[in-house]
Amino acid sequence: MVHITADSRLSWLRLALATLAATVGGVGMWSVVVALPAVEAEFGISRAAASLPYTLTMVGFALGGVAFGRAVDRFGLARPLAVAGIALGLGYAGAAAAQNLWQFALAQGLLIGAASSIGFGPLMAEVSHWFRRHRATAIAVCAAGNYLAGAFWPPVMQQMMAAQGWRAAHLAIGLTCIVVLVPLAWTLRRPAVRPAAGTAPPPAAMPVARPTGGTLPLSPAALQLSLWVAGIACCVAMATPQVHIVAYCGDLGYGVARGTQMLALMLACGIVSRVVSGWVADRIGGLRTLLLGSVLQGVALVLYALFDGLLSLYVISALFGLFQGGLVPSYAIVVREHFPAAEAGERVGKTLMATLLGMALGGWLAGRIFDWSGGYHAAFVHGLAWNLLNITVIGWLLWLATRHNATGGRLARATG
């Protein structure tokens, strides 16, 4: 079997097609945010209840990421991607036909959320096998497809909803997913060829990238658990602006269209953040990049809690996107730095599952806090508390890595 040359022209073409798949397939995470006010009005439900479809979408996304990650590890990308495209089409058709909240929420969670996950962790893990020198950058670019979806789909969906209603918009999106993703799966059918365990890479392969993340003196289970705690905390904090900015602007009297623009701006800036964070992580490592992003996300949450003017919200939403966009792909980079390549799909899926469960929990909790307090100020403060937990865990992991590397360096000098 011929080995694939890492960081080759074929690798970059593969990355471009994978990013396109992530952009189309990632619609499921964002369409439910745009539809939230319309669903709330049609079914006559509370804000917390209207947040339930988003919560189930994130739960489906999290569990689907693990299942699709295992499938990609075993079968390659093509078949899982084709299955996901068909499932998205069926899910959007089911959501369009829903007659009550539970039917809509189940279509979102069981089909749309689970199928959309193919465009996130599984694609990032699969792309990582095609790169060595620029692995972190490639992972971040692929992850940016999720935010490209967030920048592209909300304004498109808002226009479709204004013209034809939310049900027709869902049908159109489902058809688009089938028409684009199924043929795209065929073009991505060639698997990455990985060297067998214990064998050296072929001469054509690129040299191994310089170490950046260090070694953590933790068992795989302990590291996985630490990343789960950090991921949940990080994304509970992240969820309030991302899930509720459209409804928040409606409550402030600015209109949901303004909120949709802010969401698109936030995610467009997140694209820049993800690409830059990958470039940074190739140089300073995943843990340091993750810590930097978490601190900056906390700054943005403080600004949301302090200012609610129209211009202020546009500026803060742009800053929020720039600050937090690199957080989630940094988890995938940390996994690839500290776990075996053969476990990439499953490990990335499990780690990102925690971040998505955090988004699900955070979106629901923000709705509950809104119902309790009558506003979003307390929700932003609540998110900031979770963000501090994330900073603590990642800071501890980085401290362990730094101390372990320093100890190893002293031992090497002493025995040399």
What are the two closest non-hydrogen atoms of [X] and [Y], and how far apart are they?
X	Y	answer
Ser294	Asn387	O-ND2, 2.9 Å
Thr260	Pro155	CG2-N, 4.0 Å
Ala136	Ala281	CB-CB, 3.9 Å
Leu88	Ala115	CG-CB, 3.6 Å
Phe68	Ala84	CZ-CB, 4.0 Å
Pro329	Arg274	CD-NE, 3.7 Å

Euclidean distance, Arg258 CZ relative to Leu310 CG, rounded to 0.5 Å: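 One gets 5.0 Å once the value is rounded to the nearest 0.5 Å.
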
Spacing of CD belonging to Gln242 relative to CD belonging to Gln324, to within rounding of 0.5 Å: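 It is 5.0 Å, given to the nearest 0.5 Å.
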
Within a strict 4.5 Å, meaning less than it, do heavy atoms of the [X] and [Y] side chains meet?
X	Y	answer
Arg283	Arg288	no
Asp308	Ser312	no
Val302	Val299	no
Met157	Met161	yes
Leu223	Phe339	yes
Leu227	Leu397	yes
Tyr254	Leu313	yes
Pro241	Leu301	yes

Give a yes or no on whether the backbone of [Y] and the side-chain of [X] come within a donor-acceptor separation of less than 3.5 Å.
X	Y	value
Asp282	Thr137	yes
Gln99	Ala97	yes
Trp186	Ala82	no
Gln108	Leu56	no
Thr57	Gly113	no

Once you measure the plane-to-plane angle for Trp166 and Phe43, does it fall in the parallel (<30°), tilted (30-60°) or perpendicular (>60°) bin? perpendicular

In terms of the angle between their ring planes, are His134 and Trp12 parallel, tilted or perpendicular, with boundaries placed at 30° and 60°?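 Tilted: the ring planes of His134 and Trp12 meet at 30° to 60°.
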
Among [options], which one satisfies side-chain contact (heavy atoms from CB on, under 4.5 Å) with [X]?
X	options	value
Leu184	Leu17, Leu77, Val24, Val179	Leu17
Val141	Thr19, Ile271, Val127	Thr19
Tyr92	Leu175, Leu171, Val27	Val27

If you count heavy atoms of other groups shown closer than 6.0 angstrom to CH2 of Trp102, is the number above 12?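 Atom CH2 in Trp102 is not packed in, count stays at 12 or less.
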
Please say whether more than 12 non-hydrogen atoms of neighbouring residues, nucleotides or ligands are located less than 6.0 Å from CD in Gln164. no

Would you say His382 and Trp386 are linked by a side-chain donor-acceptor pair, where the criterion is simply a distance under 3.5 Å? yes

With a 3.5 Å cut-off and no angle check, do the side chains of Tyr304 and Thr240 form a donor-acceptor pair? no

Can you pull the salt bridge (charged side-chain N to carboxylate O under 4.0 Å, His left out) pairs that have at least one residue in residues 377-401, sequence neighbours excluded?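 Non-adjacent pairs meeting salt bridge (charged side-chain N to carboxylate O under 4.0 Å, His left out): zero.
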
Ring centres of Phe370 and His244 under 6.0 Å apart?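 Not close enough - the centres of the two rings lie 6.0 Å or further apart.
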
Only counting residues at least two apart or in another chain, list the ones meeting salt bridge (charged side-chain N to carboxylate O under 4.0 Å, His left out) with Arg167.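 Result, salt bridge (charged side-chain N to carboxylate O under 4.0 Å, His left out) vs Arg167: Glu42.
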
